[in-house]
Number of protein chains: 2
Amino acid sequence: MSQYEKTCLIRADAGRAIRAILDRIGDKWTLLIVATLHGRRMRFTELQRHIPGISQRMLSLNLRHLERDGLVTRTAHAEVPPRVEYELTERGQTLIGPAVTLAEWAIEHNPDIAESQQAYDARQA
Amino acid sequence: MSQYEKTCLIRADAGRAIRAILDRIGDKWTLLIVATLHGRRMRFTELQRHIPGISQRMLSLNLRHLERDGLVTRTAHAEVPPRVEYELTERGQTLIGPAVTLAEWAIEHNPDIAESQQAYDARQA
DNA sequence: CAGGATCCGAGCGGATACTG
DNA sequence: CAGTATCCGCTCGGATCCTG
């Protein structure tokens, strides 16, 4: 896709598309869960251990949302004690690419942004 | 960068990078403003007209944040009536690429996701 | 025209307690 | 182990009013 077409895309449909994606993954934890789930099946507690700071409630809610969107599958094994495993669907895995792109941007520009913020704050003070 | 390295990247640094980028653009309007500003300088009111539904308050606040991050420049012309123009910085323009990637993902997968949601809701009901 | 100040409601998300 | 239920504070964001 040419740069011009990209421009058109982001202009014409920016509202809907960007709003849609942000409504989906713009919250505090969703993208982090998807990233953590990348490439491996994980149990609830295991997932919680890999995502520092997330509460049971939020993990549970977000997994439900991801399942509803068809981005994650939930597999409950009929055992005692119970074992539930979560895994990215094919569709869920396609989100990894864009997420990485965004993460790379953040990593690359974070230092400069932090510097700009300090300069800005200094001017205000 | 190889796929393996991407995997490592998103694993190892997922928390910080994704959290950083979402804190920056994960809100309701920021990415939309950046997209709207793509390729052209715009005035406050003009910007507001191009982003349906945004309030003066939110546009103002978000522009301030973007300016602080060095993603947008604010140019006030000493005229009556006042004229203020906003423009993406070079750094701001580098965000367009990742944003487009994400928007494309949303456009491509939205229909399937909507379908999954309906199926999920039907199972629950 | 460009925005700051103020008020307010909704909902996101944390802490805690409880259950199959 | 894998959640659900409840409570509650806090922030996001909308509406309105006011100003240089």
A.B. asks: Of A/Pro82 and A/Leu61, whose nearest nucleotide on DNA chain D comes first from the 5' end?
C.D. replies: A/Pro82

A.B. asks: So which atom in A/His38 and which in A/Leu88 form the shortest heavy-atom distance, rounded to 0.1 Å?
C.D. replies: CA-CD1, 3.9 Å

A.B. asks: Side-chain N or O of B/Ser60 versus OP1/OP2 of C/dG4: is the shortest distance under 4.0 Å?
C.D. replies: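 Answer is yes, contact under 4.0 Å.
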
A.B. asks: Return the value, rounded to whole Å, for the distance between atom CG of A/Leu47 and atom P of D/dC1.
C.D. replies: 14 Å

A.B. asks: Please report, rounded to the nearest Å, how far the C1' atom of C/dA2 is from the CD atom of B/Glu79.
C.D. replies: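 It works out to 13 Å between those atoms.
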
A.B. asks: What's the CZ-C1' distance between A/Arg24 and C/dC12, to the nearest Å?
C.D. replies: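 In whole Å, C/dC12 C1' lies 18 Å from A/Arg24 CZ.
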
A.B. asks: Is the distance from OP1 or OP2 of C/dA2 to the nearest side-chain N or O of B/Arg43 less than 4.0 Å?
C.D. replies: yes

A.B. asks: Closest to the A/Val84 side chain: D/dG3, D/dC17, D/dG13?
C.D. replies: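 Closest nucleotide to the A/Val84 side chain: D/dG3.
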
A.B. asks: Using whole Å, what does the distance between atom C1' of nucleotide C/dA2 and atom CD1 of B/Ile54 come to?
C.D. replies: 14 Å

A.B. asks: Rounded to the nearest angstrom, tell me the gap between atom OH in B/Tyr86 and atom P in C/dG3.
C.D. replies: 3 Å

A.B. asks: Please check this pair: side chain of B/Thr94 against backbone of B/Arg91, looking for a donor-acceptor N/O pair closer than 3.5 Å.
C.D. replies: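 Confirmed, B/Thr94 side chain pairs with B/Arg91 backbone.
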
A.B. asks: A/Asp27 CG to D/dT11 P: how many Å, rounded?
C.D. replies: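 Checked: the CG to P distance equals 18 Å.
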
A.B. asks: On the nucleotide C/dG13, are OP1 or OP2 found under 4.0 Å from the side-chain N or O atoms that A/Ser55 carries?
C.D. replies: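 No, outside the criterion.
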
A.B. asks: Report the residue (B/Glu46 or B/Arg57) whose heavy-atom-nearest nucleotide on DNA chain C is the more 5′ of the two.
C.D. replies: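 Residue closer to the 5' terminus by nearest nucleotide: B/Glu46.
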
A.B. asks: Nearest to the A/Gln56 side chain among D/dA2, D/dC1, D/dC17, which nucleotide is it?
C.D. replies: D/dA2

A.B. asks: Charged N to carboxylate O below 4.0 Å: is that the case for A/Asp121 and B/Arg68?
C.D. replies: yes

A.B. asks: Nearest-Å distance, CG (A/Asn62) to P (D/dG3)?
C.D. replies: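 Whole-Å distance recorded here is 13 Å.
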
A.B. asks: Give a yes/no verdict on a cation-pi contact between A/Arg19 and B/Trp29, requiring under 6.0 Å between NZ or CZ and the six-membered ring centre and an angle within 45° of the axis.
C.D. replies: yes

A.B. asks: In whole angstroms, how far is the P atom of C/dC1 from the CZ atom of B/Arg49?
C.D. replies: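 It is 9 Å, rounded to the nearest whole Å.
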
A.B. asks: Which heavy atom of B/Ile18 sits nearest a heavy atom of A/Ala35, and at what distance?
C.D. replies: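 For B/Ile18 versus A/Ala35, the nearest heavy atoms are CD1-CB, 3.8 Å.
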
